[in-house]
Every structure is written in structure tokens, then in C-alpha cells.
Amino acid sequence: MKKIFFITLWMSCLLVFLCQLPVLAASEFSDVSKHWAKDYINQMQTQGLISGYPDGSFKPDNSMTHAEFTVVLIKATGATPSTSSSASFSDTSTHWAKAYIEEAVAKGILVPSEYPQGFKPNDPIKRSEVCAMMVRALAKPSSTGTTSFKDQSSINQSMYKGYIKAASELGLMGGYTDGTFGPFNNMKRGEVCRVLSSFITALGTTTANSSTSTTTTTTTTPTNTGSLHLVTLGEDDNDIAQGQVSFQSDLQQIAVSSLAVQGEVLQVNGQYNFALNSTANNPDIIIKNIRYGISSMQVSSDKLVISPAGRKINNLTKADVKYTSDYIKLYIQSSSSKYYLSDMLITDQYNVKIGGQSYDLSNDRISVKLGDNYYDIEQANLNTDGTTLKLTSTDNIITNGLTMSDIAAIYDGKSHLNLDNITSIKFVVNHKLYNLSEVSIDAAGNILADGTSYAANKNIMIIDDSYYQVNSIVQSDNEFTFRCATSTMDYLVEVDDKYYDENDVQVQIGTSLYDMSSVNVVSHNYIRIGSKHYTPSGDDVLLKINGTLYTVKSADYDSTKQALVFTTTTTVSSSEPDTFVFYLQNSVYYDGDVSNVNIKVGSKWVAFNKISITDPQDFSYNGSSYDLIGAALQINDTDFTVTDTTWHGKSQALDLIMKES
């Protein structure tokens, strides 16, 4: 049979939840009344340090991210976020928490050299990292010696072991009820509230004992209280009693009837809380029917002073129909996006910002759909009585429910296929088979399936019984021209009506893993690997797909598709590690996707995710066992040797200790 290789189908967007502060918050969250951290959560909410989700919950057992903890810690110190235009990490230059991250770097709370692969602001923060950041925020040193925790061996593997001991001695953090600390466990939102309470107490003590310092950090004890009567934007003072001021947050418009300030918290109508002096996730404000994005809100006497980030569209009228911007999807550069018109910040007539990215309306294509029609935004008009858009009608950005009438031509190389002779068109998109009517295509030539967009060249087109690799899709006058190349399915493995690359699929017999290039299916349920043969009914034959094991029910070879075809039954739990952390000189060197890591097997390099870890000292590849200790690794083109391994935490995680080769 022919070899099978993989076409990776990347998902275009993952909706990444960023708990930017603040969002709408009620007097008490709906899911904390019986939680052990209830009092700490309520305390932190009252002080304006944390907030919940739009549904009124707090989700205390969810993990907190690096960025989120950095923000709440800086807020707890009372520091003003940095205004630096530079970024200390490669992955934070456009992040919503950049100002707070830079402030933490400036104060020595974060050390960039400890994150050689980037800060990874949206990844969960570890308990050990929280210890280091709090101790440094108190300007305290790390401690030497061992702790009283039972998992001291795991603590020793952490680059922050001295800070863990210091945090314990300062009363900032304790361990679990079983006597362990869990340095590599993710920090939960409820736990953060508990340690923040201890941190604030320690911060007050530190401040009181540091009167000689000229850089003493203040606590978050409220210094401002009282009612506000005016909202100032530019040179205009707006009396809230006139009913011309509203806030817009999380699809809700809040007509302002009263404003009050309590410390660093703005209270609207005695019901909604927003942080003052915050540069992240501020609500929008609507004054005299003009909507503005807010850069920051500050209090001066009885005034709420608004620093606008730019104008926004609140409502849009077309053909006597009024549309609300929060529900109008934006299409960027002819493709669907996760943004809405209300996310577009207008800086001048032709320049806008969407998701932190700048666009020039005279060069970039930004479009909207109103009713059944699509329009390109040509320019914005910033008038004294409102903000409007100049729109031009355009072709469909998204064409749904495709039919043959939507196809202008299909080319196989230079040959033109006769559309009249075609009876069936299907697509293989992200491992799945779709009929023509089940996919959509955008004006940029991407195929959309199940709400996700895929580049044209990531898909297979099946025309009757022939297979084609799609190279490009071009739209003209609402019709599409496909340019393809004749192909087969011989590089794909079909598993339960889904299609995978052989690089993502292996056969496992016992503890031995075999590449699909070594596997032949001679006939139904007759699998030959080397000189041995196996049958799913009589042998323990498993498939390993992206780290997950499945029991094989049947195996065949489809001569038409020239592909192996498997059906499976149950998912099998694996005793293998599900995460790996690579250490160099007692510091974390790499903890990312192991598909970027290679290991030497015999005389060749093999992707790390292709091997099977049978125990902390050994691994298996293509039916043979090898020593993991002493094995050569390659990470980002740098060579290392494994010197030791150890399990950590309660999860399936394996630490690999390395030295440079």
C-alpha cells in the first residue's frame, strides 16, 4: 500500500476567555455561597480587585491565568500600570494586560529571563509562580532550606523553591490537607482570593514598617467616597440628572441615574461596579447619543473624568431599518471574524482599531452584513451629533449552502472539468466529510465548516469518485473558481468516518507503538506489521490518535481511496504522561507542545509525540524499547541529554531533567 501522511487542519480561532477586570458584578456571586473561599471572594470583590462573569457567577474552581493574576496583584499593591510602549515578552505586545505586565517587570515582580519561551499570558499560573510574585511584590528575599511539606522532592524541582519557603514563612500560602504543596498545580480563582487576603495583610505590615523608604507601596484601603454628579469628556461637563449618559457593557445598556465612588470602584445606580484607573476591559460610555470606548476613568472632585479611546458605532440605520452594533458581525479582509461592529474603535475618518489591530479603511476591507446584504465600510463620519458610516454594497462575504450554481469553474491543473458531468461534490474538512451544501465559503477563499474557517489548501475535494487537493478558491460575481490537483486518499487514514494523517495515528500492540508506514492491512481484519500478523478480535490492537487510545473494532484497506480504514469502539485510558515539562539547570526550559520536540531513536530523530513512555526510565518506538535516561533530545534546534525524570503533582505529568549536549 502507499504511505499515508498528514494534512494538519488547524482551527482558525479558539475563543480564548480573558477575565479582564472588571465586568458586571452583583453584590454576591451566584456560585460561592457554599464555597470554602466565600468570605475571601467577597472581600476581594468589595475592594474591587476581582469580578465575575456576565452570568453572575465567579467560578472559584476555575484556573487563573498569568495575565489575570498579574493584574490583580498589581491592583492589590495600589501601583499605577506602566505606560511603557515596549514589551518585555515576545507574546504580550498586544495583550490586554500588557500595562500591568510591564509594571510587574519594572517592579521586579516578573523576571523575563525566567520565561524564555514567552510569558504565555493566557496559560494557567502555577502555585510556585504565585509564591515568587507575591514575595517579590513585598520586596522580601527567597529563603533557603527545606519546607515542612511532604512533597519536598517536587518543590526541589521548581526554580521557585526558595520563594515557596518564603511564602510559607510569611503566611501567604499553605499546603493541601494531605501535607503537600503542589508547586506545579494550577492556581484556582478561589485560592487566589485567599492568598490575596494574606498578601494585603502582609503588605499593610510591610508598609507600616518601611516608613524610611521613598518607594513605599500603599494598600488598597479606600481613600475616596461620595457621590458624583458630572461626567466630563474633553471640555464638556454632562450632568447625569439630564439623563443623557449611559454605560454599555456585556450587551447591556445602563442608563445612569446615580454615580458613587468607593475607593477604586465606580458604583453605577448602586448596582454595577467598574474599576477606576483601569486600562483594561472598561465599559463603553454613551453621551448625547455618541458612543465612546474608554481608555480610563478617574475621579476629580464630584466629576467622573473620561479619557476616550475613540468613537464607536452605537446604532446603524440602512433602508429605514435600525441595527444595533453589538449584533452586527464584522468581516475583516473578506473573512469572517469573532468581532462585532461595536468592537471597532474609530480613531479618525479612515483609521480604525479592531482587537488591537489597526486598519486603514482606504486600503483594508472591513465589511458588515445588514439583513441579507453585505457592505464594505468606506469611511467614518465623526459629526457633533453622532457617528455614521459610509457603506458600499458588495458581493457576499459568506456564501452558505453551496450548490452547483455557485461554482463558475473547477480546474485540475490546467484542465477544465465539465461541470455538467459532475453528479456529486464533497469535501474533507478538519477530518470530517461534508456534502457541498454543508459547507460555506468566504470571499477570501476559505472554507467554513461547523463555524470554523479553514484555508483552501487545507481541504480535499471529492468529485464523484475522484480526489483533488484544493489549491485555491477565487470569488467573482458571487461565483467560485476552484483550482485543484489530482490526488488520492493514500496519505490519509480513515477512522470512524474521520480522516487523519499517519503522523497523528499509530497502532499499539501491548506497549509497542508502530508508525502507519509499518502497517499493512492485507484483508479485512488481517493486520501485518513486519513478519507478524494481528486481528482486532483476537489481539489487543489499539489506535493512538493525538495521544488518545482507541480499541480497534475492524480494519480494512479501501482500494478506491487507497487508504486504511478503521472503526473503533471504546476509548482506552492510558498510563502514559499527558504533559511534559523539560528542565535545564533547575529551571523550566520548555513546557509547550511536544510536537516541537525530537528524540533520537537509534540513528534518527523522531518526533517526541511518536514515542510511548512505558515508565519514567524507558520508552518504546516501533516495537522496540529504549532508555529514556541518557536519550538525546532536540528542542528548537538545541541538543540536550536526559539526565533524570520524575513525576509531579496528582496529574499525569512527567518532568525531564536535561543538560546541554
Side-chain angles (χ1 to χ4, degrees), residues 1-6 8 431 491-496 498-522 525-557 563-580 582 593-634 642 645 647 652-654 656:
M1 58 167 268
K2 294 184 179 180
K3 271 193 171 184
I4 304 161
F5 66 90
F6 181 67
T8 306
H431 309 314
Y491 48 86
L492 297 178
V493 180
E494 182 179 337
V495 183
D496 299 328
K498 295 184 179 181
Y499 299 88
Y500 299 88
D501 175 282
E502 71 169 347
N503 292 324
D504 278 354
V505 183
Q506 295 169 290
V507 171
Q508 179 166 316
I509 309 292
T511 59
S512 297
L513 279 176
Y514 299 91
D515 285 346
M516 296 306 297
S517 58
S518 304
V519 177
N520 286 280
V521 179
V522 180
N525 280 353
Y526 189 93
I527 302 171
R528 187 169 65 206
I529 303 176
S531 60
K532 297 182 179 180
H533 75 271
Y534 307 90
T535 61
S537 59
D539 299 288
D540 185 16
V541 181
L542 305 174
L543 283 187
K544 187 176 184 181
I545 305 175
N546 295 325
T548 302
L549 291 174
Y550 303 87
T551 301
V552 175
K553 180 180 179 182
S554 68
D556 287 285
Y557 177 70
L564 292 178
V565 179
F566 293 92
T567 61
T568 66
T569 54
T570 56
T571 301
V572 180
S573 61
S574 173
S575 59
E576 294 188 47
D578 53 22
T579 57
F580 299 89
F582 299 85
D593 183 0
V594 292
S595 63
N596 298 320
V597 180
N598 294 319
I599 186 168
K600 202 162 193 179
V601 181
S603 60
K604 69 176 182 178
W605 290 101
V606 174
F608 194 84
N609 59 359
K610 297 292 292 294
I611 67 173
S612 175
I613 304 292
T614 53
D615 59 62
Q617 284 76 43
D618 303 283
F619 70 92
S620 171
Y621 177 74
N622 265 6
S624 299
S625 295
Y626 301 87
D627 292 331
L628 185 56
I629 309 298
L633 296 179
Q634 194 175 68
V642 179
T645 62
W647 294 95
Q652 292 287 95
L654 184 67
L656 291 94

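In what follows, residues are counted from 1 in the order of the sequence shown.
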Quiz item: Going through the distances and angles, do Val507 and Leu513 end up as a side-chain contact (heavy atoms from CB on, under 4.5 Å)?
Solution: CA-CA 6 Å; Val507 171; Leu513 279 176; over 6 Å; no
Quiz item: For the atom pair CG (Asn609) and CG (Asn596), what is the distance rounded to the nearest 0.5 Å?
Solution: 9.0 Å
Self-check item: Pairwise distance CG(Asn622) to CD1(Ile529) - rounded to 0.5 angstrom
Solution: 8.5 Å
Quiz item: In chain order, what residues pass the side chain to side chain contact (heavy atoms under 4.5 Å, CB included) check against Asp496, with sequence neighbours excluded?
Solution: Thr567, Thr568
Practice problem: Using the test ring-ring contact (aromatic ring centres under 6.0 Å, His included), find all partners of Phe582 that sit at least two apart in sequence or belong to another chain. | Solution: Phe608
Practice problem: With side-chain contact (heavy atoms from CB on, under 4.5 Å) as the test, would you mind laying out the steps for Ile629 and Thr645 before giving the verdict? | Solution: CA-CA 7 Å; Ile629 309 298; Thr645 62; 3.8 Å; yes
Quiz prompt | Any Val522 side-chain heavy atom under 4.5 Å of His533 side chain | solution = no
Quiz item: Shortest non-hydrogen contact from Leu492 to Ala563?
Solution: O-CB, 3.3 Å
Quiz item: Taking the side chain as C-beta and beyond, is there a heavy-atom pair between Asp540 and Ile509 under 4.5 Å?
Solution: no
Exercise. Check Thr535 against Val541 and note the closest heavy-atom contact, atom names and distance.
Key: O-CG2, 4.0 Å
Practice problem: Would you please name every residue forming a side chain to side chain contact (heavy atoms under 4.5 Å, CB included) with Ser512, sequence neighbours left out? | Solution: Tyr514, Ser620
Quiz item: Restricting to pairs with a member in residues 622-631, which pass salt bridge (Lys or Arg N to Asp or Glu O under 4.0 Å), not counting sequence neighbours?
Solution: none
Quiz item: When rounded to the nearest 0.5 angstrom, what distance separates CG in Asn525 from OH in Tyr534?
Solution: 15.5 Å
Practice problem: Mind listing the closest non-hydrogen atom pair of Leu656 and Phe580 along with its distance? | Solution: CD1-CD2, 3.8 Å
Quiz item: How would you list, by chain and number, every residue that makes a side chain to side chain contact (heavy atoms under 4.5 Å, CB included) with Tyr626, sequence neighbours excluded?
Solution: Val601, Phe619, Tyr621, Ser624
Quiz item: Could you state the interatomic distance from CD (Glu494) to NE2 (His431), rounded to the nearest 0.5 Å?
Solution: 13.0 Å
Quiz prompt | Nearest atoms (heavy-atom pairs only) where Val552 meets Pro536 | solution = O-CB, 3.5 Å
Quiz item: With distance as the sole test, does Gln506 use its side chain to make a donor-acceptor pair with the main-chain N or O of Lys610 at under 3.5 Å?
Solution: yes
Practice problem: Identify the two heavy atoms, one from Leu549 and one from Lys544, that lie closest to each other, and give their separation to 0.1 Å. | Solution: CD2-CB, 3.6 Å
Quiz item: Please walk me through it: do Val505 and Leu543 pass side-chain contact (heavy atoms from CB on, under 4.5 Å)?
Solution: CA-CA 7 Å; Val505 183; Leu543 283 187; 4.1 Å; yes
Exercise. Would you mind reporting whether Asp618 and Leu628 have side-chain heavy atoms less than 4.5 Å apart?
Key: no
Quiz item: Checking side-chain contact (heavy atoms from CB on, under 4.5 Å) for the pair Val495/Ile545: CA distance, chi angles, key distance, verdict?
Solution: CA-CA 10 Å; Val495 183; Ile545 305 175; 3.9 Å; yes
Quiz item: If you measure from NZ on Lys600 to OG on Ser603, what distance do you get to the nearest 0.5 Å?
Solution: 7.5 Å
